[in-house]
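Below: the structure, in structure tokens.
Letters go in sequence order (proteins before strands), and every chain restarts at 1. Owing to the predicted nature of the structure, the values given are computational and were not obtained by experimental measurement.
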Amino acid sequence: MYQDVILDHYKHPHGRGLRDGQAEVHHVNPTCGDEITLRVRMDGDVVGDISYEGQGCSISQASASVLNELLVGKDVADAQKIQETFLELMQSRGRIEPDEAMEEVLEDAVAFAGVSKYPARVKCALLSWMAWKDATAKALSTAPDPSGTTPEETA
Amino acid sequence: MYQDVILDHYKHPHGRGLRDGQAEVHHVNPTCGDEITLRVRMDGDVVGDISYEGQGCSISQASASVLNELLVGKDVADAQKIQETFLELMQSRGRIEPDEAMEEVLEDAVAFAGVSKYPARVKCALLSWMAWKDATAKALSTAPDPSGTTPEETA
Amino acid sequence: MTLPPPTRRPLPGLLDTEAIRKDFPALDRVVHDGKKLVYLDNAATSQKPRQVLDTLHSYYERSNANVHRGVHVLAEEATALYEGARDKVAAFVNAPSRDEVIFTKNASESLNLVANMLGWADEPYRVDRDTEIVITEMEHHSNIVPWQLLSQRTGATLKWFGLTDDGRLDLSDIEQVITEKTKIVSFVLVSNILGTVNPVEAIVRRAQDVGALVLIDASQAAPHMALDVQALGADFVAFTGHKMVGPTGIGVLWGRQELLEDLPPFLGGGEMIETVSMHSSTYAPAPHKFEAGTPPIAQAIGLGAAVDYLSAIGMDKIAAHEHALTEYALERLREVPSLRIVGPETAVDRGAAISFTLGDIHPHDVGQVLDEQGIAVRVGHHCARPVCLRYGIPATTRASFYLYSTPAEVDALVDGLEQVRNFFG
Amino acid sequence: MTLPPPTRRPLPGLLDTEAIRKDFPALDRVVHDGKKLVYLDNAATSQKPRQVLDTLHSYYERSNANVHRGVHVLAEEATALYEGARDKVAAFVNAPSRDEVIFTKNASESLNLVANMLGWADEPYRVDRDTEIVITEMEHHSNIVPWQLLSQRTGATLKWFGLTDDGRLDLSDIEQVITEKTKIVSFVLVSNILGTVNPVEAIVRRAQDVGALVLIDASQAAPHMALDVQALGADFVAFTGHKMVGPTGIGVLWGRQELLEDLPPFLGGGEMIETVSMHSSTYAPAPHKFEAGTPPIAQAIGLGAAVDYLSAIGMDKIAAHEHALTEYALERLREVPSLRIVGPETAVDRGAAISFTLGDIHPHDVGQVLDEQGIAVRVGHHCARPVCLRYGIPATTRASFYLYSTPAEVDALVDGLEQVRNFFG
Ligand SMILES: Cc1ncc(COP(=O)(O)O)c(C=O)c1O
Ligand SMILES: Cc1ncc(COP(=O)(O)O)c(C=O)c1O
């Protein structure tokens, strides 16, 4: 499961750190205690920035890095399609062998195909992606407030 | 387990019915709903009467009849010894083969030896005996009050 | 002695019990010096097929590990098997979502779970002194005592439907029993003592009219008929594994997702949390919110195998088999002098548990003499003492059938009862 | 790759693991294309010996019936086996009376049971807004969340002992933590994450001085050392079957008889009653009062077989074996660069669960790479997140040993960690 691409992103993460944004969420993975705080900045319909901070395993860290690299600069509708494709791949329990079309959409993220065989790790790979989905929904629906409280705040 | 002696007592019970007494108890067997209301009358140190009413299987009915036949007229200390011997026999899980000495103490009640092999029925055989023990303790410890309330009253 | 009566004609709709019985090792038991076991105590618990036992065995021998938290092979396998069992049970009862299936230790825990959820719930679900709880007089103690406790502890009023003389629910006063104050109506789908199948629709409709939740105790239904929680229209359905060819130690509560989201947890502990600090905790989404601690892993997996086994035969076919057998049994029992059926006297809207009294011979004695002939029935109040009180009897003898029961076993019972009458005659 | 280091000398006090391992089919598992399983996840759950599996099997194949209420052969056998298991467990923990042993589904239920008993109790046991509950920072979530729920629902104050830097309870403020207001002190005997064995006597003495009850979570003790509830001096002791070579789905609560008599029931239903009417019910004496519904029959019987198995080997011998192994493991782990033990660093007052961090490699990654080599450890917060918070770490990797664990498995772990370091180095 530890493709070089994954290890690369793990060791050299893209876009790490918290920067300005219109919405912030905090997600946790209760099975292992991994956590992520993630902010999105929308520039109109375009994903302006995805900034994040947190602790987690190589899979969850690399996946956040890939998320940033892949979605920032994309039109939000396209970004959401990519997110859905990634979700589908990760939930496939190893049954989807990514084809060229999928590779074109997911780029580096196809490296996570192998992770989908390990149900306990799928949540790690999805942590940042679900946080992004959540944050984006908030950013699109509410007035900008980068430090807003979140539904899943830890105590 | 159905010795003739038991069937005899079942069909022709001794001392059935409620008569005067100094203490009354109501016991139930929760596993089958068998119930007994039992009164004792003490004539000084002698078991003057054991009267009872209730519903139950042949074993519990016969056992109450044997109880009455065996204990009424006895000195209370002797009666308690008989009760203990009966208890011991019934809790033996069929391991006690009554000898002559035991037969002398228990008379007809030795017929219940076979019942002790059937744990579910031991409670039936003991229902009236435990009620008697309880009622006697009350009669000995409190002022006479034949209609007194009881610890295990059903609702 | 147990020759079939000469007039017996083949019954329509019977299963191939000869083949089925080969799957159940316990049915080969011989008791009391060579008497073949006639197991007619299925309403208490069912026997288990080899397929279920093999599943248990291979789980323990190969994949045994704690679930949900591990990254090693065994933990992944155990988790997949455990969660796979949830999928199977969800499909078995046609649940809209697998996340609506909560594993408990038995039906009793499932019923208590709902009672406790409602006791600690916020509005609009909260049961408190201004509200009412409705049950029926034919409930199993496990669907009476939790509500008595809840009513004592919250001040809510406990009400119930009475019974008609022929063993059915008396719904004539339904408008008075279920009112605007009612928060929950909990009733049994098939009575374990009377065999009655209750009219779900009328009760659910009235409950919905007043905004009350509905809990159905399907402990005696899930083993015997196709169960469709969506068609039932209830909010919660409880049942128990050991009565449906599954292991002991496993029960199920199905509940509607939005309720499971809104209602508070019951048992606290590992597995049911999202995050814990000493100061406060948040909870995992359902079903995990309601599954504190290491679940009955092997038992859930065994229940999955049980559900596979029953589904392969077909729940409708099992129901037809039991219906035919019940009809036959009622007919034959009618031949027994002084036998009185306690419960519906025909097979209409009726399950395969038949309670009866035999003159004034006490059920304990009936059961004991039957046992000596190898015939296993249950005697007592069957955890439904209010039914005995209602009909003025101390107890009943109950014969109950399942997919492997045969007409010859009904005949053996009838012959056995003849011996009981001779003995105590 | 997994050659023992040349310097290894024979350890004193080891069991004959070669013979013991033959009893455990799962230990023969081969994973990931031919790697022999090295099972070091025993604190999560233990493997099961053939003796336990055979007992389960023969129960289901021969004597399966519901307990307590039947007069037929199978019901009598099942009841005798189930109640016989209670005798065995009572003897195993040196309970003064068999009636003090309550069967639950797991330790979590046992702990919740006590919390709920106290919430509904009358004086002097009742927990309410004027009273305090005391736990510790090293509890398993199953001994935290029930008390948080109880405190939220009653208004009682939840307090706890903190931890020292070396993974022990900080009892320096015991007089302030346990006070006249304390109703219950609940703490773990052996921590599942730190391995710490806690000082029972000091805590029990202080609790008794102020008249508080004491509940001991012995989930990680019962499998590994001789447990004597009388010597412990507690009022309640909870543990769980699946960690002590027993089946899943079975737990135990031991409680002092007079308390069990005085305290109210928790789950209501069949088996736990004396008599039921629609208006009110009375309850059976303990232990039945606390065992609502059909109990985990096969699982209790299986636990009886587990207890027989452990006793035949001898709990003191098992403890000695694990102690030697733990000492060896601590020594070898110290050789691993950047490995930090979380918990006591010596084998003194220490169980056989060893948590550690490895540089800043996340435990998930440690566990995954170990798994690829066939080595099963647990990673995460081990249902003890407050401990991770206390030590400022997200999670740990935990290796935990049992009676069948060997020095060679310790060596395999150390070699495996080397590979992890190379991979993420
Ligand atoms: C210390 C401790 N307490 C309680 C528990 C809970 O046991 P169970 O999950 O069997 O309820 C565990 C195990 O998970 C434990 O290690
Ligand atoms: C109708 C009904 N409800 C509830 C129960 C309780 O099931 P369990 O004992 O498995 O909790 C039973 C069986 O005993 C039953 O027949």
Side-chain angles (χ1 to χ4, degrees), chain C residues 25-26 29 31 44-45 47-48 53 57 60-62 64-66 69-74 105-109 112 137 140-142 144-146 148-149 160 242 247-249 267-270 273 276-278 281 292-294 296-299 364 367-368 371 376 378-380 383 385-386 389, chain D residues 25-26 29 31 44-45 47-48 53 57 60-62 64-66 69-74 105-109 112 137 140-142 144-146 148-149 160 242 247-249 267-270 273 276-278 281 292-294 296-299 364 367-368 371 376 378-380 383 385-386 389:
Chain C
R29 243 324 266 283
V31 296
T45 201
Q47 296 304 335
K48 324 298 176 202
L53 302 185
H57 221 71
Y60 281 128
E61 288 203 336
R62 278 187 57 79
N64 172 67
N66 213 325
R69 287 163 297 180
V71 296
H72 58 78
V73 177
L74 268 57
K105 70 173 171 176
N106 55 24
S108 303
E109 186 189 350
N112 279 276
E137 203 174 1
H140 188 279
H141 292 164
S142 293
I144 298 177
V145 183
Q148 289 180 336
L149 288 170
W160 56 87
H242 65 91
T248 59
L267 303 180
I273 55 93
V276 172
S277 77
M278 293 308 286
S281 301
T294 303
I297 304 171
Q299 294 71 38
H364 255 178
Q368 196 82 48
D371 174 60
R378 187 122 315 214
V379 299
C383 293
R385 187 166 173 273
L389 292 178
Chain D
R29 242 326 264 283
V31 295
T45 201
Q47 297 304 335
K48 325 299 176 200
L53 302 185
H57 221 71
Y60 281 128
E61 288 203 335
R62 278 186 57 80
N64 171 67
N66 214 323
R69 287 165 296 182
V71 296
H72 58 78
V73 177
L74 267 57
K105 69 174 172 179
N106 54 24
S108 302
E109 185 189 349
N112 279 275
E137 204 174 359
H140 188 279
H141 292 164
S142 293
I144 298 176
V145 183
Q148 290 180 335
L149 288 170
W160 54 89
H242 65 92
T248 59
L267 303 180
I273 56 93
V276 172
S277 76
M278 293 307 287
S281 301
T294 304
I297 304 170
Q299 293 72 37
H364 255 178
Q368 196 83 50
D371 174 61
R378 186 120 319 210
V379 299
C383 293
R385 187 166 173 272
L389 292 178

With sequence neighbours left out, the residues meeting side-chain contact (heavy atoms from CB on, under 4.5 Å) with Ile297(C) are Tyr59(C), Asn66(C), Val67(C), Tyr82(C), Thr294(C), Pro295(C), Ile301(C), Thr248(D)
Rounded to the nearest 0.5 Å, the CD atom of Glu109(C) sits from the CD atom of Glu109(D) at a distance of 6.0 Å
Okay, Val73(D) and chain C: the region with an atom under 4.5 Å from a heavy atom over there is both
When the 4.5 angstrom heavy-atom criterion is applied to Gln368(D) and chain C, the contacting part is both
Q. Are any non-hydrogen side-chain atoms of Arg378(D) and His72(C) less than 4.5 angstrom apart?
A. yes
Turns out that what part of Leu149(D) lies under 4.5 Å from chain C's heavy atoms comes down to side chain
Given Ala292(D), Ala107(D), Gly367(D), the one with more heavy-atom pairs under 4.5 angstrom with chain C than any other is Ala292(D)
Interface check, chain D: of His140(C), His242(C), Glu137(C), most non-hydrogen pairs under 4.5 Å belong to His242(C)
When the 4.5 angstrom heavy-atom criterion is applied to Ile273(D) and chain C, the contacting part is side chain
Cut-off 4.5 Å, heavy atoms of chain C, and the answer for Arg29(D) is side chain
Answer key: most heavy-atom pairs under 4.5 Å with chain C among Gly270(D), Gly268(D), Ser108(D) is Gly268(D)
Residue from Met278(C), His141(C), Lys48(C) scoring the most non-hydrogen pairs under 4.5 Å with chain D is Met278(C)
Honestly, the part of Leu53(C) sitting under 4.5 Å from a heavy atom of chain D is both
Residue set satisfying side-chain contact (heavy atoms from CB on, under 4.5 Å) with Pro146(D), at least two apart, ordered chain then number -> Asn112(D), Ala115(D)
Interface check, chain D: of Val71(C), Val276(C), Thr45(C), Val145(C), most non-hydrogen pairs under 4.5 Å belong to Val276(C)
Residue from Asn64(C), Leu74(C), Ile144(C) scoring the most non-hydrogen pairs under 4.5 Å with chain D is Asn64(C)
Whatever's closer than 4.5 Å to a heavy atom in chain D on Gln148(C) counts as side chain
So, the part of Asn106(C) with a heavy atom under 4.5 Å from chain D: the answer is side chain
Of all heavy-atom pairs linking Tyr60(D) and Ala26(C), the shortest is O-CB, 3.9 Å
